[in-house]
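Have a look at the structure below before the remarks.
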Amino acid sequence: MTSGPGEHIIYQGEKGGDMKSGGARRRNYFVNPGMQVRYMAAIVLCMLLASLLTGVVMYYGILGRAVSEWSAWKLSEKLQMASRIKDYEDTRYGTEEVRTPENYFREARFLSEDGQQSVYYILDDTKNELMTRILPIVLVIAAASIFLSHKIAGPVSRIEKSINSMSSGNLTAGFRLRKGDEFKGLSGMLENMAEIFRMKIDISVNSLDELIKDADKLSPAQIKSKAEEARRQLLFFKTKP
Amino acid sequence: MKTIVALVLVLSVVSYPAACLYAGNGGTAQDEFVDKIEKDTFRYFWENADPDTGLIADNASAGAPCSIAATGFGLAVICIGHSRGWITYDEAYNRVFRTLKTFRNTLKNEHGFYYHFVDMKTGRRVWKSELSSIDSAIFFAGALFAAQYFKGTELERLANSLYLRADWKWMTNGTSLLCMGWTPENGFLGSYWDWYNEGLIAYILAIGSPTYPIPAECWKAWRKPVGEYGGYKVVYSFFGSLFTYQFAHAWVDFRNIEDNGINYWQNSINAVHANRKFCIDNARSHKGYGEDGWGLTAGDGPGGYKGYGAMPAEKLIQDGTINPYGMAASMPFVPELSLKSLKKIYDRHGSSVYGEYGFKAGYNIDKNWFSSNYIGIDQGVTVLMIENYRTGMVWENFMRNQCVKSWMELCGFTVKAP
């Protein structure tokens with residue numbers, strides 16, 4: 001298993017340990033503080049914006065309507081209307097003479113029911129208001145998340161392509177990334193690695209070319225020297241444990 | 001001598017308008033007075049409606065919800081406004097169409113019926129009001145009138161579709177009477193339209209419905225008690241309120257319809273005369289009552305809205321309050337008396353009883369109380385009845401509806417030649 005510099009990933013059971021419980025468990029989740037903090041800040045900012053908007057709409061929506069709904073002016077209108085509704089009912093249903101305790105306080109019941117209905121309507125309207133306002137915010141956040149995730153997905157895709165190209169023997173494939181992309185350090189290291197590979201292989205190939213070209217003219221000692229040079233460069237690559 | 005001549009001259013000038021008004025039936029001044037009442041009252045519906053929903057306020061006080069009955073009357077009043085040239089065709093059509101669309105798209109309905117009171121702006125049910133059969137019926141009546149007025153338009157189709165949705169059979173709750181209403185909380189109300197009163201219009205629309213009719217026998221299920229007062233025989237309503245003899249008559253032309261010996265048109269005329277006689281007889285007890293102080297009907301009084309009425313009645317409520325629409329909506333029945341009395345109270349009390357939207361809701365001389373409010377259904381029946389008195393235009397249009405013809409046919413009514 002490889003482990004990049006600064007990426008302190010330790011796999012349990014690396015040397016024959018227990019891997020059955022779902023693979024690696026990280027001990028340190030702060031593996032790239034700079035990037036993680038940036039992304040954490042971006043997510044928190046989005047959430048804050050959405051929460052703030054929700055809060056503002058709910059607070060002012062509910063407060064504004066409630067203040068108006070229960071203003072002295074409005075209450076006096078409602079009181080008059082409650083009394084009128086009671087009179088209408090009395091006239092229509094002939095309930096004026098019904099002397100029950102409930103009948104004495106029918107205006108109060110009307111007002112109470114109207115108040116409850118008002119609360120329901122206020123919340124319902126606020127919810128609708130919120131939905132209409134939150135939808136554009138969700139769209140903006142979604143667009144921003146695509147832009148932000150592209151900074152990760154873009155380099156990963158580019159690195160994958162370069163590694164594939166190198167696997168097929170093309171060591172000229174680069175790891176150059178766009179400005180603002182994440183994994184600049186990783187791509188630099190990969191670029192260095194590819195450069196070293198290219199250099200080692202170039203030296204080996206040059207030695208072997210000279211050997212092939214001047215084989216007749218070279219002494220056995222010189223042939224051995226060239227061959228050893230090529231071997232020495234290739235031994236840089238560790239192929240056995 | 002000079003003083004006497006001057007006095008006669010002054011008196012002549014002062015009394016000229018009133019004298020002119022009653023110089024003869026149909027005189028210019030009288031027409032102007034009738035026109036003024038009708039036009040001013042029309043303005044209630046034009047100005048007390050929500051511009052977006054078209055819903056009309058129950059009354060003119062601030063914060064009043066929409067009454068679907070006032071809105072029903074309003075649909076007809078707006079058409080009358082156009083026929084009289086107070087608004088343009090487009091203004092009338094658009095307002096009525098917008099209102100009907102609000103009922104189709106925004107207002108909650110149950111089996112095609114609507115809640116009595118709804119919010120002016122949102123159309124939501126308010127005051128936990130009941131799904132009301134009579135108020136829905138008045139709305140349908142207004143819609144059906146508008147359908148005939150704007151015949152051949154999209155509005156006609158929309159208006160008819162709203163009426164056709166009403167499941168009248170459901171509203172009987174399995175009885176032979178129409179229930180007064182239903183609430184989601186408690187189901188059907190305990191009260192039914194079981195007396196002669198304004199409920200007639202609901203029965204007419206229910207029996208004549210092509211989609212969900214109730215049996216014609218239901219017409220016979222409600223009580224038609226006969227009483228007498230001052231020599232006038234009347235099929236009377238429970239409270240003896242004059243509006244119960246007027247609301248259905250605002251739409252339906254009962255003049256030539258005979259129902260097993262009852263002519264509801266003549267019955268209303270008798271009821272008005274009995275009401276007036278009752279007021280004359282009780283003029284000593286109440287200062288406002290008298291030859292020109294009558295028309296006891298449900299309306300605003302010093303102690304709130306009451307079902308005022310006169311004999312004959314099962315239960316009498318009266319405290320000296322006069323609600324002028326009782327007289328105004330009697331115009332087709334007793335035009336001379338109605339106009340004379342209205343002019344009298346107009347001249348006597350001026351702006352205390354008359355304002356920007358016509359006659360105000362009520363007054364009580366005994367208690368020196370004058371309402372500053374206007375009530376939608378009072379104003380509505382006033383405009384319709386005045387128009388019927390003047391041209392018969394509401395009757396003419398409303399009677400053309402197939403449901404009215406079906407009701408007459410199914411109930412087997414004979415139509416006497418005029």
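Numbered from 1 within each chain, the chains take letters A, B, ... in sequence-line order.
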Query raised in the report: Ion pair present between Lys306(B) and Asp90(A), side-chain N to carboxylate O less than 4.0 angstrom?
Result: no
Query raised in the report: Counting only heavy atoms not in Met47(A), do more than 12 sit closer than 6.0 Å to its CE atom?
Result: no
Query raised in the report: Hey, does Arg84(A) have a side-chain heavy atom less than 4.5 Å from the side chain of Trp127(B)?
Result: no
Query raised in the report: Any side-chain heavy atom of Ser191(B) sitting closer than 4.5 Å to one from Arg92(A)?
Result: no
**Report entry** Asn59(B) and Gln80(A), any side-chain heavy atoms less than 4.5 Å apart
**Finding:** no
Report task. Measure Phe117(B) against the heavy atoms of chain A and call it side chain, backbone, both or neither at under 4.5 Å. Result -> side chain
Report task. Look at atom CZ of Phe237(A) and say whether more than 12 heavy atoms of other residues, nucleotides or ligands are closer to it than 6.0 Å. Result -> yes
Query raised in the report: How far does OH of Tyr308(B) sit from OG1 of Thr91(A), to the nearest 0.5 angstrom?
Result: 9.0 Å
Report task. Before giving the answer on side chain to side chain contact (heavy atoms under 4.5 Å, CB included), spell out for Gln117(A) and Asp119(B) the whole-Å C-alpha distance, their side-chain angles and the decisive distance to 0.1 Å. Result -> CA-CA 12 Å; Gln117(A) 207 162 31; Asp119(B) 186 88; over 6 Å; no
Query raised in the report: Taking non-hydrogen atoms and a cut-off under 4.5 angstrom, which of residues 119-143 of chain A neighbour chain B?
Result: Tyr121(A), Asp124(A), Asp125(A)
Query raised in the report: Is the number of heavy atoms from other residues, nucleotides or ligands under 6.0 Å of Met58(A) CE greater than 12?
Result: no
Query raised in the report: With only heavy atoms counted, which part of Ala298(B) is less than 4.5 Å from chain A, the side chain, the backbone, both or neither?
Result: side chain
Requested in this report: Output the option from Lys128(B), Met180(B), Arg124(B) having the highest count of non-hydrogen pairs under 4.5 Å with chain A.
Outcome: Arg124(B)
Query raised in the report: Do you know which of Ser61(B), Ala62(B), Gly304(B) has the most heavy-atom pairs with chain A at a distance under 4.5 angstrom?
Result: Ala62(B)
Query raised in the report: More than 12 non-hydrogen atoms from neighbouring residues, nucleotides or ligands closer than 6.0 Å to NZ on Lys161(A), yes or no?
Result: no
Query raised in the report: Non-hydrogen atoms of chain B under 4.5 Å away: do they reach the side chain of Lys78(A), the backbone, both or neither?
Result: both
Report summary line: Separation between OH (Tyr88(A)) and OG (Ser132(B)), nearest 0.5 Å, reads 12.5 Å
